There are 2 protein chains.
Amino acid sequence: MKLGEGVEAAIHCAAMLAGVDGAATMPGAAMAEAFGLSPSYLLKHLNMLTAQGILESVPGPAGGYRLARPAERITLLDIVLAVEGREPAFRCGEIRQRGPVRLDASAYVKPCGINAAMLKAERAYRAALAEARLSDIVAAYQSDADPRSVAAGCAFVARHQRPQKSSSTKQA
Amino acid sequence: MKLGEGVEAAIHCAAMLAGVDGAATMPGAAMAEAFGLSPSYLLKHLNMLTAQGILESVPGPAGGYRLARPAERITLLDIVLAVEGREPAFRCGEIRQRGPVRLDASAYVKPCGINAAMLKAERAYRAALAEARLSDIVAAYQSDADPRSVAAGCAFVARHQRPQKSSSTKQA
DNA sequence: TTATCATGGATAACTATTATCCGCAATAGC
DNA sequence: GCTATTGCGGATAATAGTTATCCATGATAA
């Protein structure tokens with residue numbers, strides 16, 4: 001059981017995008033630089049997030065990414081599912097009917113109890129992720145983390161975000 | 001996020017071993033045949049279970065595997081951790097401090113909030129698995145599944161289990 | 001017109017999983 | 001003892017999935 005590294009990158013990027021002002025955007029290259037990631041690969045993951053309606057992208061010289069909705073309505077589950085896919089971690093291969101003792105198909109209409117138990121645990125996992133809002137993550141970071149780290153993060157966002165044409169933004 | 005196929009095999013084998021009488025054992029080859037799996041690879045997973053003290057193995061012509069403790073005290077979590085390893089699915093790479101903006105190490109003493117949230121969800125997952133006892137799985141199977149399937153399973157166990165020398169076993 | 005940036009496809013490098021094979025040790029039955 | 005059966009461990013290959021890179025394309029602000 002393993003989660004891809006893209007999940008960590010996606011959550012950090014989303015948390016960073018929660019700090020940009022209004023409709024301003026942040027280039028993917030800037031976020032790749034901020035976390036020491038390869039730009040071309042990070043864009044793949046950001047693309048997954050835009051495809052799922054979590055991020056919005058703006059092309060062009062002043063373009064970049066921004067959250068598609070307020071951080072209060074984005075959960076860690078949204079991000080994890082967007083990057084890792086919606087399929088459950090446990091996939092029942094129905095090996096109970098793969099042996100040499102072939103019974104009629106009608107003997108297997110009831111779902112496999114093992115599969116049910118595994119999926120129940122996975123629902124608990126997803127429920128816990130669904131309760132973690134991106135705004136909570138950001139708030140906890142700003143109140144708990146080292147002030148130097150918070151200041152550096154805010155400075156980075158202020159330096160790299162690009163205000164959009166038809167919106168009023170306040171530059172820090 | 002993906003669980004290896006060995007998990008499904010391991011749980012099915014453990015459930016089957018819960019049906020053997022007393023100290024009797026069942027050869028790994030028989031279980032591989034029952035589920036249509038490659039014997040040599042299944043033994044690898046069974047080996048993980050024995051290494052973690054979930055199964056016992058007996059070498060020799062009448063040898064095989066049996067549960068190391070009653071099915072009431074074996075949970076799905078025990079099996080999943082034995083096969084998949086104990087490491088959490090989400091591994092924090094600390095990418096927050098991998099960027100070009102190097103702060104002093106003392107700025108990162110507080111644990112990463114994202115990591116904490118992901119691990120909290122994983123604890124919920126494991127807690128749900130820890131509540132699923134192997135005996136519950138077997139009981140649900142015997143009461144809910146198709147009677148033909150149950151009968152076939154019991155017959156297979158009765159046919160392939162090997163009673164041990166120094167123990168009294170009742171042959172069905 | 002130009003430079004910047006997202007998008008998508010193609011592709012390669014790398015890693016983990018899945019699978020197989022063989023020699024070894026243990027042991028029940030003859 | 002001898003033999004056949006079985007688990008154990010190491011070595012190794014085949015396969016799939018992840019990670020990473022590159023390039024051509026389209027959009028757009030200056």
Side-chain angles (χ1 to χ4, degrees), chain A residues 1-10 13 17 23-33 35-51 55-66 68 83-85 87 89 91 93 95 160-167, chain B residues 1-10 13 17 23-33 35-52 55-66 68 83-85 87 89 91 93 95 160-167 169:
Chain A
M1 178 158 172
K2 227 179 47 179
L3 245 54
E5 294 178 7
V7 175
E8 186 182 8
C13 287
L17 288 176
T25 63
M26 173 162 256
M31 292 189 279
E33 185 198 359
F35 298 121
L37 303 169
S38 92
S40 23
Y41 188 44
L42 177 62
L43 291 201
K44 286 270 189 292
H45 295 308
L46 295 180
N47 223 333
M48 297 282 180
L49 296 179
T50 55
L55 300 186
E56 280 175 356
S57 64
V58 177
Y65 296 91
R66 72 179 154 230
V83 175
E84 290 281 317
E87 294 138 29
R91 296 142 300 163
I95 65 173
H160 287 279
Q161 71 178 349
R162 318 266 177 149
Q164 292 303 295
K165 221 180 183 177
S166 53
S167 86
Chain B
M1 177 157 172
K2 228 179 44 181
L3 244 53
E5 295 177 8
V7 175
E8 186 182 8
C13 287
L17 288 175
T25 63
M26 171 161 259
M31 292 189 279
E33 185 198 358
F35 298 120
L37 302 170
S38 93
S40 23
Y41 188 42
L42 178 63
L43 291 201
K44 286 270 189 293
H45 295 309
L46 295 180
N47 222 331
M48 297 282 180
L49 296 179
T50 56
Q52 298 298 317
L55 300 186
E56 279 175 356
S57 64
V58 177
Y65 296 91
R66 73 179 153 228
V83 176
E84 290 281 316
E87 294 139 28
R91 295 143 300 164
I95 65 174
H160 286 279
Q161 71 177 350
R162 317 271 174 123
Q164 292 303 295
K165 221 178 183 177
S166 54
S167 86
T169 59

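Chain letters run A, B, ... following the sequence lines, proteins first and then strands; every chain starts at 1. In this text the structure is predicted, and so the values were computed from the model without any measurement. Heavy-atom basis, side chains included; hydrogens, waters and symmetry copies ignored.
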[N] [atom2] sits how many Å from [X] [atom1], rounded?
X        : N      : atom1 : atom2 : result
A:His45  : D:dG17 : NE2   : C1'   : 13 Å
A:Leu43  : D:dC22 : CG    : P     : 13 Å
A:Leu42  : D:dT21 : CG    : P     : 12 Å
B:Tyr41  : D:dT15 : OH    : P     : 15 Å
B:Arg162 : D:dA4  : CZ    : P     : 16 Å
B:Met48  : D:dG7  : CE    : P     : 17 Å
A:Leu37  : D:dT19 : CG    : C1'   : 12 Å
B:Glu5   : D:dA16 : CD    : C1'   : 11 Å

Result of checking B:Thr25, B:Val58, B:Leu17, B:Leu49 against B:Tyr65 for side chain to side chain contact (heavy atoms under 4.5 Å, CB included) =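 The option that passes is B:Leu17.
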Think B:Tyr65 has a side-chain N or O under 4.0 angstrom from the OP1 or OP2 of D:dC8?
-> yes
Okay, side chain of [X], backbone of [Y]: is any donor-acceptor separation there less than 3.5 Å?
X        : Y       : value
B:Gln164 : B:Ala62 : yes
B:Arg91  : A:Glu5  : no
A:Arg66  : A:Glu56 : no

Which nucleotide span of DNA chain C, 5' end to 3' end, has atoms closer than 4.0 Å to non-hydrogen atoms of chain B?
-> C:dT18 to C:dA28
Residue pair A:Pro61 / A:Arg162: nearest heavy atoms and the distance that separates them |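 Distance-wise, the nearest heavy atoms are O-NH1, 4.0 Å.
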List the atom of A:Pro39, the atom of A:Ala32, and the distance in Å for their closest heavy-atom pair.
->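 For A:Pro39 versus A:Ala32, the nearest heavy atoms are CA-CB, 3.6 Å.
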Could you measure the distance from the [atom1] atom of [X] to the [atom2] atom of [Y]? Nearest 0.5 Å is fine.
X       : Y       : atom1 : atom2 : result
B:Leu55 : B:Met48 : CG    : CE    : 12.5 Å
B:Leu42 : B:Cys13 : CG    : SG    : 4.5 Å
B:His45 : B:Glu8  : NE2   : CD    : 11.0 Å

DNA chain D nearest-nucleotide lookup for B:Lys2 and B:Asn47: closer to the 5′ end is B:Asn47
Starting at the 5' end of DNA chain D, which residue's closest nucleotide do you reach first, A:Pro39 or B:Gly64?
-> B:Gly64
Tell whether B:Lys44 reaches the base of D:dG7 with its side chain through a donor-acceptor pair below 3.5 angstrom.
-> no
Per-nucleotide protein contact string for nucleotides 23-30 of chain D, where B marks a base within reach and S marks sugar-phosphate only (heavy atoms under 4.0 Å, - for neither) | ----BBB-
